[in-house]
Protein chains: 2
Amino acid sequence: MDVKILCLGVLSRGEASGYEIKKAFEEGPFSHFHQASFGSIYPALNALSAEGLVACRAQAQEKRPDKKIYSLTAKGRDVFTTALLAEPDHDRMRSDFLFILSFAQFLPPARVAALIDQRIAWYRESLERMEDCEAARCSPPGATFVRGMGIAVYRAAAEYLETNRDALIADVAEPEALVAE
Amino acid sequence: MDVKILCLGVLSRGEASGYEIKKAFEEGPFSHFHQASFGSIYPALNALSAEGLVACRAQAQEKRPDKKIYSLTAKGRDVFTTALLAEPDHDRMRSDFLFILSFAQFLPPARVAALIDQRIAWYRESLERMEDCEAARCSPPGATFVRGMGIAVYRAAAEYLETNRDALIADVAEPEALVAE
DNA sequence: GAAAAATATATCAGAGCAATATATGTATGG
DNA sequence: CCATACATATATTGCTCTGATATATTTTTC
């Protein structure tokens, strides 16, 4: 599932510029399970345009660079729905936070506390954003389902951190307690 | 946090070959939040060797290619603990499964069911592997904490899928029900 | 007894990210 | 009241990393 297919997916929800596609992955409905950078989106849109999978209409803007608004063609919609039937690649998670935390014994306890507190705050902010999302009301069933799963998982993560925070900090502060016994 | 630091992290838990480092990310203690391929691990180990951060000892093996066993040097341990103090990059999740499922309205209901069932099975298998992990008993506090978080999150994900599976399939099968009302 | 999977290292093409460049508008704050 | 930061908008480039492939042998599975 490359960036071209991801772009087709965003465009299947309505026309958008490259900048807006980026935002869909940064703050929008895909933010908690996918992302794409400008360095991959703009080339992808050019390629899709050349292949006739998207149409491009330039919107002249006063006092701003021209906006290139892309929309799916019939052929593009076809390619997208076919791509959806393929076997999904395995999920990939990359968390420097968890990697660092798994070596908590090498960190000052105060640092461990700060890391966890920052992360709890981040989860709580994300949850707020995801929960009172206006657009969610009229979303298709799949999007609603996936959003609900994001909320369930983030909530479990935040609760775990809140519940086990103090025990980890205590363990790190007194590393001998267990061994000495 | 590049692959070189990841390798130092694995080696801080004990000496290992490139092949064994790969396994640590595939099935081992890091599998649920990080990964690295051979194409990045082997060059990283060469670079670390050249920089004097790891030592390499070749173990001749009967009937197998020679195993190159790497271990941390004092300098390597130093670089690693310093790297741990840096601000972690934001987490990155990449799930084709959720992306595809967010467009469930374009899929046959049977396909949606199959996707979800496969995923539930995968979560349950992973949970089993993570829960009865022998090595976990004598792991450092950070590793135990992170493992517990993985279990909590996977469990929440599996439960969400089990709870909401049928409702999604019903919604996809009867797409007009809501609009017609 | 054949096929598949595991052990083990290594390389390379291509994909994609982070940083940077360019140009301008709006908000923040001292 | 001006400077700094942030938002809109597209584009490119260097560098990192993945996925596929190559090579060679053993062990397991069917």
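Per chain, numbering begins at 1; letters A, B, ... match sequence-line order.
Across residues 96-103 of chain A, not one residue has a non-hydrogen atom less than 4.0 Å from an atom of DNA chain D. Taking every heavy atom of residues 35-58 of chain A and every atom of DNA chain D, pairs under 4.0 Å involve A:Phe38, A:Gly39, A:Tyr42, by number. For DNA chain D, none of the residues of residues 76-94 of chain B falls under the heavy-atom distance limit of 4.0 Å.
The CD-P distance, from B:Glu27 to C:dA6, rounds to 8 Å in whole Å. Rounding to whole angstrom units, CD of residue A:Glu26 and C1' of D:dT8 are separated by 13 Å. When rounded to the nearest whole Å, the span between NE2 of B:His34 and C1' of D:dT18 equals 15 Å. Atom-to-atom, CZ of B:Phe25 to P of D:dT18 comes out at 9 Å; the value is rounded to the nearest Å. Following rounding to the nearest Å, A:Tyr70 (OH) and D:dT10 (P) show an atom-to-atom distance of 7 Å.
Listed by first then second residue, pairs satisfying salt bridge (charged side-chain N to carboxylate O under 4.0 Å, His left out) with a partner in residues 76-86 of chain A number zero, not counting sequence neighbours. Counting only residues at least two apart or in different chains, salt bridge (charged side-chain N to carboxylate O under 4.0 Å, His left out) contacts with residues 96-113 of chain A comprise A:Arg111-B:Glu87. Residue pairs meeting the salt bridge (charged side-chain N to carboxylate O under 4.0 Å, His left out) criterion with at least one partner in residues 41-51 of chain B, sequence neighbours excluded, are B:Lys4-B:Glu51.
Between A:Arg124 and A:Glu162 there is a salt bridge, since a side-chain N of the basic residue sits under 4.0 Å from a carboxylate O of the acidic one. Between A:Lys22 and A:Glu26 there is a salt bridge, with a side-chain nitrogen of the basic residue lying less than 4.0 Å from a carboxylate oxygen of the acidic one.
Remark: B:Glu15 pairs with B:Arg57, B:Ile69, B:Ser71 by the side chain to side chain contact (heavy atoms under 4.5 Å, CB included) rule, at least two apart or across chains. A:Ala156 meets the side chain to side chain contact (heavy atoms under 4.5 Å, CB included) test with B:Ala156; sequence neighbours excluded. For A:Ser49, the side chain to side chain contact (heavy atoms under 4.5 Å, CB included) partners two or more places apart in sequence, or in a different chain, are A:Val54, A:Cys56, A:Tyr70. Under the rule for a side chain to side chain contact (heavy atoms under 4.5 Å, CB included), the partners of B:Tyr123 that lie at least two apart in sequence or sit in another chain are A:Met149, B:Arg119, B:Tyr154, B:Ala157, B:Ala158, B:Leu161.
Regarding contacts with the backbone of C:dA10, a side-chain N or O of B:Lys68 is found under 4.0 angstrom from either OP1 or OP2. Taking 4.0 angstrom as the limit, B:Tyr19 places none of its side-chain polar atoms (N or O) nearer than this to OP1 or OP2 of C:dT9.
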Practice prompt. Just do the salt bridge (Lys or Arg N to Asp or Glu O under 4.0 Å) check on A:Lys68 and A:Glu20 with the steps written out, would you?
Written response: CA-CA 10 Å; A:Lys68 289 187 187 173; A:Glu20 286 161 348; over 6 Å; no

Item to complete: In sequence, state the C-alpha distance, the side-chain angles, and the governing distance for B:Tyr160 and A:Phe145, and then conclude on side-chain contact (heavy atoms from CB on, under 4.5 Å).
Response: CA-CA 9 Å; B:Tyr160 181 87; A:Phe145 179 91; 4.0 Å; yes

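Within the 4.0 angstrom heavy-atom criterion, only backbone atoms of the sugar-phosphate kind lie near A:Lys23; the bases stay farther away.
Relative ring orientation between B:Phe80 and A:Phe99 is described as perpendicular, the plane-to-plane angle rising above 60° on a 0-90° scale split at 30° and 60°. Below 30°, between 30° and 60°, or above 60°: for A:Phe103 and A:Phe106 the angle between ring planes is below 30°, a parallel geometry.
Taking the nucleotide of DNA chain C with the nearest heavy atom to each of B:Gly18 and A:Asp2, the more 5' of the two is matched to B:Gly18.
Where the helix from C:dG1-D:dC30 to C:dG30-D:dC1 starts and where it ends, the local axes point in directions that differ by 50°; five pairs per end, rounded to 10°.
In this structure, B:Tyr19 shares a hydrophobic cluster with B:Phe38, B:Tyr42, the cluster being traced through Ile, Leu, Val, Met, Phe, Trp and Tyr side chains under 4.5 angstrom apart.
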